[in-house]
Amino acid sequence: MSSEKNSQSSASAELARPSIWSKIDSRIALSSVDAARRSNADLDPVPPYRRTWRTHNFVMYWISDNFSPSGFRNAASLMLLGLSWRDSLICITVAQFIIACVIVLNGVVGSRYHINFSIQSRASFGYYFSYLMIVMRMIVGIFWYGIQAYTGAECVQSIIFAIWPSFHNVPNRLPESANITTQFMTAYVVYFLIILPVHWVPMHHLKWLFTIKSITTPIVGFAIMGWVIHTVGVSNTSLWSQQTTLHGSQLAWTFLAGMYANIGTWSTLGVNVPDFTRFAVDDKSAYITAFVLPATGCLITFFGVVCAAGSNILYGQILWDPLELIDNWTSPGGRAAAFFCAFFFLISQIGVNIAANSISAANDLNCLFPKYINIRRGQLIVAFIGSWALTPWNILTGAPAFISFMSGYSVWLGPIVGILLADFYLVHKKKYDVWELYNKDGIYRYNKYGTNWRAFVAFFIGWVPLLPGFIPTVNSSIKVSEGATHLYNLGYFYGVGAAALSYYILCRFWPAKETMLERAVYPDADVIQAHDGRYMEEDVDAGFGDAIVVDNEGKK
């Protein structure tokens with residue numbers, strides 16, 4: 001009998017002993033996770049003490065995003081299509097003004113309810129259907145993170161050239177099939193080691209990085225342009241004398257195609273801008289975007305045109321990339337100038353990659369796996385996948401069709417933002433119940449499948465007609481009608497407009513009455529205070545500083 005009792009006791013002890021997985025789970029699970037709401041501190045509405053972004057911070061953010069090596073290259077593709085530098089400048093400015101208006105309108109959701117895109121999308125698409133939108137947005141972010149990492153490595157390479165000119169002569173030990181040299185791989189690894197710690201900085205503290213960028217990078221741009229003008233002048237170059245070679249309808253459709261391409265560059269931020277405006281002090285702070293984005297886009301593009309014109313005289317070839325231009329500064333003084341220019345371009349590129357890609361994709365991962373992934377962990381995952389798993393050097397050198405595919409991704413992003421805007425402004429009249437957005441069985445579930453069928457139908461109406469015009473951009477051997485191509489060149493306008501209109505009409509005749517509210521429910525301070533312990537524990541872990549208690553009036 002005693003032996004039997006001992007056996008039972010041992011069995012009970014064995015059952016009571018935690019498994020290896022439960023030990024791992026307890027170690028990696030976030031301390032702030034709320035299993036009932038599938039949320040955590042980074043996914044919850046931003047509490048008052050973390051709402052630190054004011055108007056000038058958004059000004060700095062957009063200046064820093066536009067002033068980058070990529071901004072210098074904006075006019076190149078349009079001029080190759082036959083537009084003059086003046087028409088290219090107008091095209092880019094108009095495109096950025098249009099997308100800036102979309103960004104401002106969608107950003108109000110974040111600044112008013114202090115939620116990110118992942119949570120916002122549930123109101124219109126439904127609790128589970130929204131996950132498809134989130135995954136689509138995440139794929140774009142990870143892809144472009146890798147591409148921007150490649151540009152960041154170019155900045156590092158220029159810095160090394162300036163310090164050690166002998167780096168030009170480093171022999172290549174990698175096979176040709178690698179599509180990358182030993183020289184560039186060295187710069188790429190250095191860039192990755194530099195940017196990795198920046199992912200550790202909390203989002204509401206990144207405003208200081210954007211402030212530094214917005215001061216230093218324009219200075220670099222003016223300095224390079226001033227040097228070019230002082231050294232050679234630009235009055236007789238082929239760029240300045242180039243006239244638009246297109247006329248009539250061909251000119252009009254090429255202009256629209258250029259606008260579509262430049263809008264597509266920012267279409268991801270048009271969708272997920274609440275990821276940033278959620279940190280705004282009030283919902284008017286980000287309105288300045290409508291002016292700053294096109295103004296800075298026009299200025300940096302002009303810098304690029306001037307520098308390219310000067311390079312044609314100096315070196316006998318047009319250099320659209322400012323890094324290639326400064327690599328030619330080989331005198332001792334020139335190398336010093338090249339170092340500082342490349343260094344500040346590197347800071348700019350780091351800021352662009354963190355803001356436009358890393359944080360956005362991390363927010364999406366946070367929503368998909370709220371128990372284990374916060375923004376910090378998500379950024380590290382994005383960094384490793386985007387930088388190494390995607391091998392961007394192979395994409396850039398060997399997969400032009402894939403680049404075309406990703407550049408045309410606005411075919412899907414346009415309908416998404418159209419539905420988001422129609423839902424917020426026209427259907428729900430800017431009135432959401434923020435806490436119901438976290439309830440998988442709440443009013444925004446819509447049906448047992450968690451899918452708002454109205455958004456499902458509107459989403460397909462927004463992109464399916466564009467597909468015939470999109471396919472030839474990936475596979476040039478496929479020919480389609482001129483009308484399909486023209487519709488594709490109007491893709492963003494059609495996608496946003498058709499999806500928004502069809503969604504509104506469907507909701508007008510078949511409304512989801514359970515989601516219609518008499519008044520909005522905002523993230524009240526007393527509710528935030530109830531979760532204060534979780535916020536503070538997670539925030540201290542994430543480096544946010546000491547705990548700050550918020551009272552019922554939202555005061556510290």
Side-chain angles (χ1 to χ4, degrees), residues 64 67-73 76 146-176 178-198 212-213 216-232 300 303-304 306-353 387-388 391-397:
S64 67
F67 276 83
S68 65
S70 301
F72 271 79
R73 308 168 188 150
I147 301 302
Q148 295 288 358
Y150 190 94
T151 303
E154 290 180 314
C155 297
V156 172
Q157 182 176 247
S158 294
I159 290 173
I160 299 176
F161 283 156
I163 300 174
W164 297 289
S166 59
F167 190 67
H168 282 280
N169 304 319
V170 171
N172 180 33
R173 305 295 185 187
L174 297 175
E176 186 177 349
N179 292 321
I180 189 171
T181 63
T182 301
Q183 184 188 78
F184 196 82
M185 178 58 80
T186 302
Y188 194 85
V189 171
V190 172
Y191 167 81
F192 185 75
L193 294 176
I194 291 173
I195 195 175
L196 204 58
V198 184
I212 294 171
K213 276 184 55 182
T216 57
T217 315
I219 291 174
V220 169
F222 276 109
I224 295 176
M225 183 179 69
W227 175 83
V228 168
I229 294 174
H230 175 74
T231 306
V232 299
I300 192 65
F303 286 174
V306 173
C307 294
S311 69
N312 196 33
I313 293 178
L314 284 170
Y315 310 113
Q317 58 179 326
I318 296 174
L319 301 177
W320 288 103
D321 191 332
L323 297 170
E324 292 184 5
L325 177 64
I326 65 177
D327 284 346
N328 287 281
W329 299 351
T330 55
S331 68
R335 283 167 40 210
F339 168 82
F340 284 108
C341 288
F343 176 76
F344 289 123
F345 274 138
L346 173 62
I347 294 177
S348 169
Q349 199 61 29
I350 289 173
V352 168
N353 219 3
S387 297
W388 300 106
T391 60
W393 50 89
N394 286 320
I395 294 174
L396 288 168
T397 57

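Quick note: numbers below take in every heavy atom, side chains included, and nothing from hydrogens, waters or symmetry partners. Residue indices begin at 1 and follow the sequence shown.
Rounded to the nearest 0.5 angstrom, I326 CD1 and S311 OG are separated by 13.0 Å. Atom OH in Y150 sits 6.5 Å away from atom CD1 in I180 (nearest 0.5 Å). Rounding to the nearest 0.5 Å places CD1 of I160 at 10.0 Å from CZ of F184. Here the CD1 atom belonging to I318 is positioned 10.5 Å from the CD1 atom belonging to I313, to the nearest 0.5 angstrom. If you take CG on L314 and CH2 on W227, they are separated by 4.5 Å, rounding to the nearest 0.5 Å. A distance of 11.5 Å separates CZ of F339 from CZ of R335, quoted to the nearest 0.5 Å.
Other residues, nucleotides and ligands contribute at most 12 non-hydrogen atoms within 6.0 Å of the CZ atom of F343. Within a 6.0 Å radius of CZ in F192, other residues, nucleotides and ligands contribute more than 12 heavy atoms.
You'll find the side chain of L346 reaches within 4.5 Å of the side chain of V156, heavy atoms only. T151 places a side-chain heavy atom less than 4.5 Å from the side chain of R73. The shortest side-chain heavy-atom distance between Y191 and I350 falls under the 4.5 Å cut-off. Looking at E154 and P69, their side chains never come closer than 4.5 Å, going by heavy atoms from C-beta outward. Put simply, the side chain of I224 reaches to within 4.5 Å of the side chain of C341, judged on heavy atoms. Here the side chains of V220 and F345 are in contact, with some heavy-atom distance below 4.5 Å. Contact check for N328 versus L319: side-chain heavy atoms found under the 4.5 Å cut-off. Two residues are said to be in side-chain contact when any heavy atoms from C-beta on lie closer than 4.5 Å; T186 and F167 meet this criterion.
Y188 and W388 have perpendicular rings, their planes meeting at more than 60° on a 0 to 90° scale where under 30° would count as parallel.
In this structure, the side chain of Q148 does not engage the main chain of Q349 through any donor-acceptor pair within 3.5 Å. Proximity of a side-chain donor or acceptor of T182 to a complementary backbone N or O of R173 within less than 3.5 Å is detected. S158 places no side-chain N or O within 3.5 Å of a backbone atom of E324 that could act as its donor or acceptor partner. Listed for the S348 side chain is a donor-acceptor partner under 3.5 Å among the backbone atoms of F67.
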